Amino acid sequence: MIKTYPYLLDTLPYAYDALEPVMDKETVMIHHDKHHQTYVDNLNKALAENEQLQVKTLEELLSSELPAVKNNAGGVWNHDFYWEEMTTPGEGHIGESLMRELEKSFESVEEFMKIFEATALGRFGSGWGWLVQNKEGGLEVLSTANQDNPLVDGFKPLLAIDVWEHAYYLKYKNKRADYVKAFWEIVNWDKVEERLK
Ligand SMILES: [Fe+2]
């Protein structure tokens, strides 16, 4: 869906406690209602007096030269994407065509998961881990700092993990590795496959 100014916070596609016990209700509430909402509010604020930017799409704003626009547009886009790709623990299964693509690019699903986990863990400070499709159609894993988005570099995002501490600290404390490992249980693989098509 193409979003433009003024931006609104989407409601979650599930209940706050739907991702329990992998992601606790309080984390989801604070993350969505406070952090995500703040990106929406700050983006609207940054655009309020800039009519030229108000007509741009959210995607176009991701590469803005104005840090307040770029960072908050990224915050809105990335979190929309993240909420959309999760589901109740145990509900998600990797379908055949996605499995084939993962095997083509990483040799096996296990190898892909290992690389994704290492990349998410290796992101120093705040940022995101991503599974993306490159221009040649192959799949790659990469990470971005802060609220940066791989679309800007010509990649098509397929799956994102938020590794800002606000995404996991209440439940996992400083153990980012435990959060990253548990994340697999709540990935909605149908959504990932849909993004690939
Ligand atoms: Fe976040």
Side-chain angles (χ1 to χ4, degrees), residues 1 3 8-37 39-40 58 74-103 105-106 108-121 123 127-133 139-144 147 149-151 155-172 175-197:
M1 193 183 73
K3 286 188 155 186
L8 294 170
L9 179 66
D10 289 343
T11 50
L12 285 174
Y14 34 70
Y16 289 111
D17 61 358
L19 308 176
E20 295 256 14
V22 174
M23 200 176 285
D24 58 292
K25 182 179 176 180
E26 199 186 0
T27 294
V28 174
M29 284 180 99
I30 295 173
H31 198 172
H32 178 265
D33 295 4
K34 306 291 181 197
H35 291 280
H36 195 176
Q37 179 74 62
Y39 291 116
V40 172
L58 184 57
V76 174
W77 196 102
N78 296 351
H79 287 90
D80 283 347
F81 193 75
Y82 176 68
W83 299 124
E84 198 184 47
E85 71 186 18
M86 294 189 280
T87 188
T88 307
E91 290 279 295
H93 303 284
I94 303 182
E96 250 180 63
S97 69
L98 178 61
M99 179 104 67
R100 266 200 307 276
E101 292 302 321
L102 289 169
E103 287 171 351
S105 296
F106 303 101
S108 67
V109 172
E110 291 69 34
E111 192 56 25
F112 151 65
M113 286 179 164
K114 237 203 294 189
I115 295 169
F116 188 90
E117 286 175 24
T119 303
L121 273 180
R123 167 48 54 193
W128 294 75
W130 303 86
L131 169 68
V132 298
Q133 186 174 38
L139 305 190
E140 292 182 32
V141 166
L142 53 85
S143 78
T144 58
Q147 296 297 350
N149 187 297
L151 277 171
F155 295 105
K156 180 183 188 183
L158 303 175
L159 177 71
I161 183 167
D162 188 344
V163 292
W164 284 60
E165 280 187 346
H166 66 226
Y168 61 88
Y169 205 85
L170 284 180
K171 183 175 169 79
Y172 295 93
K175 296 186 179 119
R176 186 190 285 185
D178 291 355
Y179 156 65
V180 172
K181 265 203 181 315
F183 175 70
W184 298 123
E185 292 176 50
I186 50 173
V187 173
N188 182 347
W189 292 105
D190 289 345
K191 182 49 83 178
V192 179
E193 191 160 332
E194 192 186 305
R195 289 167 175 173
L196 183 62
K197 279 170 188 161

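On a predicted model such as this, the values are computed, not experimentally measured, just so you know. Note that the numbering runs from 1 along the sequence shown for the chain.
Put simply, the side chain of Met86 reaches to within 4.5 Å of the side chain of Tyr82, judged on heavy atoms. With a 4.5 Å cut-off on side-chain heavy atoms, Asp162 and Tyr168 do not count as touching. Counting only heavy atoms from C-beta outward, the side chains of Glu84 and Arg195 approach each other to under 4.5 Å. Taking the side chain as every heavy atom from C-beta outward, Leu159 and Trp189 approach each other to under 4.5 Å.
In this structure a side-chain-to-backbone donor-acceptor pair under 3.5 Å is missing from Asp17 to Glu20. In this structure, His32 contributes its side chain and Thr11 its backbone to no donor-acceptor pair below 3.5 Å. Looking only at distances, no side-chain donor or acceptor of Tyr179 sits under 3.5 Å from a matching main-chain atom of Val163. Not a single donor-acceptor pair under 3.5 Å links the side chain of Glu85 to the backbone N or O of Lys191. A side-chain donor-acceptor contact under 3.5 Å links Lys171 to the backbone of Pro21.
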Cut-off 3.5 Å, no hydrogens considered: what does the side-chain donor-acceptor table look like for residues 88-99, sequence neighbours left out?
unit_1 : atom_1 : unit_2 : atom_2 : d
Ser97  : OG     : Glu193 : OE2    : 2.4

Review item, side-chain donor-acceptor pairs of residues 112-121, under 3.5 Å, at least two apart:
unit_1 : atom_1 : unit_2 : atom_2 : d
Glu117 : OE1    : Lys181 : NZ     : 2.9
Glu117 : OE2    : Trp184 : NE1    : 2.7
Thr119 : OG1    : Ile115 : O      : 2.7

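Applying the ring pair (Phe, Tyr, Trp, His ring centres under 6.0 Å) test to His166 and every residue at least two apart in sequence or in another chain returns His31, His35, His79, Trp164.
Note on ring orientation: taking the six-membered ring where Trp is involved, the planes of Phe81 and Trp77 are parallel (angle under 30°, cut-offs 30° and 60°).
The two residues Ile186 and Leu19 have their closest heavy-atom pair at CG2-O, 4.0 Å. Minimum interatomic distance between Lys3 and Asp80 (heavy atoms only, all atoms of both residues): NZ-OD2, 2.8 Å. The shortest non-hydrogen separation linking Ala182 to Val22 is O-CG1, 3.4 Å. Leu139 and Leu102 make their closest contact through CD1-CD2, 3.8 Å (heavy atoms, listed as atom of the first residue, atom of the second, distance). Smallest separation of non-hydrogen atoms from Ala160 and Phe183: O-CZ, 3.6 Å.
Separating the CG atom in Leu196 from the CG atom in Leu158 is a distance of 5.5 Å, to the nearest 0.5 Å. Interatomic distance, CG of Leu8 versus CD of Gln37, reported as 9.0 Å (0.5 Å rounding). With rounding to the nearest 0.5 angstrom, the CG atom of Leu170 is 11.5 Å from the CE atom of Met23. Note: Arg123 CZ to Ile161 CD1 = 13.5 Å, rounded to the nearest 0.5 Å. Between atom CD of residue Glu111 and atom CZ of residue Phe106 there is a gap of 9.5 Å, rounded to the nearest 0.5 Å. With values rounded to the nearest 0.5 angstrom, Arg176 atom CZ is found 12.5 Å from Asp178 atom CG.
Side-chain N/O atoms of Trp128 and Gln147 include a donor and acceptor closer than 3.5 Å. Between the side chains of Tyr39 and Asn78, no donor-acceptor pair of N or O atoms lies under 3.5 Å.
No more than 12 heavy atoms of other residues, nucleotides or ligands sit less than 6.0 Å from atom CD of Glu26.
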